[in-house]
Protein chains: 2
Amino acid sequence: MSRQMELVLQILRDSPGHMTAAQVFEHARKQLPNISLGTVYRDLGRLFDDGEIGKLLLPDGSSVYDRTSDLHGHLICSQCGKIEDIEDNSLADQLRRIAGDTLTKAEIIAEHLCPDCQNSISKS
Amino acid sequence: MSRQMELVLQILRDSPGHMTAAQVFEHARKQLPNISLGTVYRDLGRLFDDGEIGKLLLPDGSSVYDRTSDLHGHLICSQCGKIEDIEDNSLADQLRRIAGDTLTKAEIIAEHLCPDCQNSISKS
DNA sequence: CCTCAAATCAGGAATGATTCCTAATACAAT
DNA sequence: ATTGTATTAGGAATCATTCCTGATTTGAGG
């Protein structure tokens with residue numbers, strides 16, 4: 001595992017939430033100023049293929065990477081874009097049951113309004 | 001609703017499965033030779049926003065449109081790309097329960113190997 | 001029927017996230 | 001050290017999708 005790949009993994013593991021490749025890149029260049037965006041994409045792709053990290057396709061077509069590859073659902077606020085993990089794993093269990101034992105990857109995303117955005121809307 | 005929009009909707013409703021914008025475009029130009037791909041995208045987007053049709057983001061980042069907007073899961077074969085609907089709607093019900101009453105859109109996708117591809121692999 | 005404003009269109013250029021390419025660099029093992 | 005292999009940086013290319021523009025259609029009111 002190259003220095004770059006280790007750094008990319010560490011940045012994602014240290015992050016609390018979900019990051020775009022560009023965000024990982026911005027963090028990474030603080031420690032490896034010459035690292036390139038292409039390398040970040042390549043390493044994120046490998047880590048994902050190796051099952052080290054997760055990848056989430058957003059409704060706008062771009063992706064964010066997740067520090068864990070555990071199958072779990074996501075709630076995304078259609079107003080502010082905040083992404084929350086669904087802790088309840090019965091959803092994932094059920095999907096695994098339905099998809100069968102050849103399931104490789106899965107994605108569960110629900111768009112909703114987060115409590116903060118609900119409040120600011122109802123006030124105005 | 002314009003002639004173009006009606007045609008786009010009808011093509012999708014008549015299709016058995018899921019179509020890309022390009023596929024809808026190819027079908028549409030048989031009846032409206034001058035229709036443009038941009039119009040197909042625009043009309044598909046409107047129909048989706050109106051809740052008339054569904055939209056599904058594939059793992060490769062492109063989209064397919066669905067003749068129904070009903071929330072349901074999808075199984076996609078990682079070998080041949082075939083997309084199947086998950087008929088069991090308990091998944092969708094549960095997701096609705098978790099996401100709350102502000103849920104707007106949702107997407108459930110699982111990648112697996114379809115029976116056909118399992119067979120052809122185990123034979124070879 | 002006309003007319004006019006608003007909506008929609010066709011066609012093509014622009015966008016932007018992601019991937020690909022190439023020559024240069026680091027690494028590991030003998 | 002030296003050879004072979006993998007990885008890199010940087011930038012060009014890709015491609016689905018969106019945006020832009022001037023032309024066309026629509027339909028409501030006179």
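Just so it is clear: chains get the letters A, B, ... in the order the sequence lines come, proteins before strands, and each one is counted from 1. All heavy atoms count here, side chains included; hydrogens, waters and symmetry mates do not.
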By nearest atom, which of the nucleotides C:dG11, C:dA17, C:dC9 is closest to the B:S36 side chain?
C:dG11
Expressed as a whole number of angstroms, how long is the span from A:I35:CD1 to D:dG10:P?
10 Å
Of the options C:dA10, C:dT18, D:dT8, whose atoms approach the side-chain atoms of B:R42 most closely?
C:dA10
Expressed in angstrom and rounded to an integer, what is the separation of B:F25 atom CZ from D:dT17 atom C1'?
14 Å
Selected nucleotide, minimal atom distance to B:N34 side chain, candidates D:dT7, C:dC27, C:dG11:
C:dG11
Pick base, sugar-phosphate or nothing for B:S63, based on heavy-atom distances below 4.0 Å to the nucleic acid.
sugar-phosphate
Nearest heavy-atom contact between A:R67 and A:R13 is O-NE, 3.1 Å
Can you measure B:L37 atom CG to D:dT17 atom C1' for me and round it to whole angstrom units?
8 Å
Nearest-Å distance, CZ (A:R46) to P (C:dT18)?
17 Å
Given D:dA9, D:dT17, C:dC9, the nucleotide with the shortest approach to the side chain of B:Y41
D:dT17
For A:M5 and C:dA26, give me the distance from atom CE to atom C1', rounded to whole Å.
16 Å
Should the ring pair A:H72 and A:H18 be called parallel, tilted or perpendicular, given that the plane angle runs from 0 to 90° and is split at 30 and 60?
tilted
Are the side chain of A:D60 and the backbone N or O of A:S62 linked by a donor-acceptor pair below 3.5 Å?
yes
Does C:dG16 have OP1 or OP2 under 4.0 Å away from a side-chain N or O of A:S62?
no
B:R3 side-chain N/O to C:dC9 phosphate OP1/OP2 under 4.0 Å:
no
Provide, to the nearest angstrom, the distance between the CG atom belonging to A:D43 and the P atom belonging to C:dT18.
15 Å
Which residue is it: A:V40, A:I53, A:I11, A:V8? I am looking for the one with a side-chain contact (heavy atoms from CB on, under 4.5 Å) to A:Y65.
A:I53
OP1 or OP2 of D:dT26 less than 4.0 angstrom from a side-chain nitrogen or oxygen of B:S2, does that happen here?
no
State plainly whether the residues A:R96 and A:D93 are in salt-bridge range, i.e. N to O under 4.0 Å.
yes
To the nearest angstrom, how far is B:L7 atom CG from C:dA10 atom P?
10 Å
On the nucleotide C:dA26, are OP1 or OP2 found under 4.0 Å from the side-chain N or O atoms that A:Q4 carries?
no
Rounded to whole angstroms, how far apart are CD on A:Q31 and P on D:dA9?
14 Å
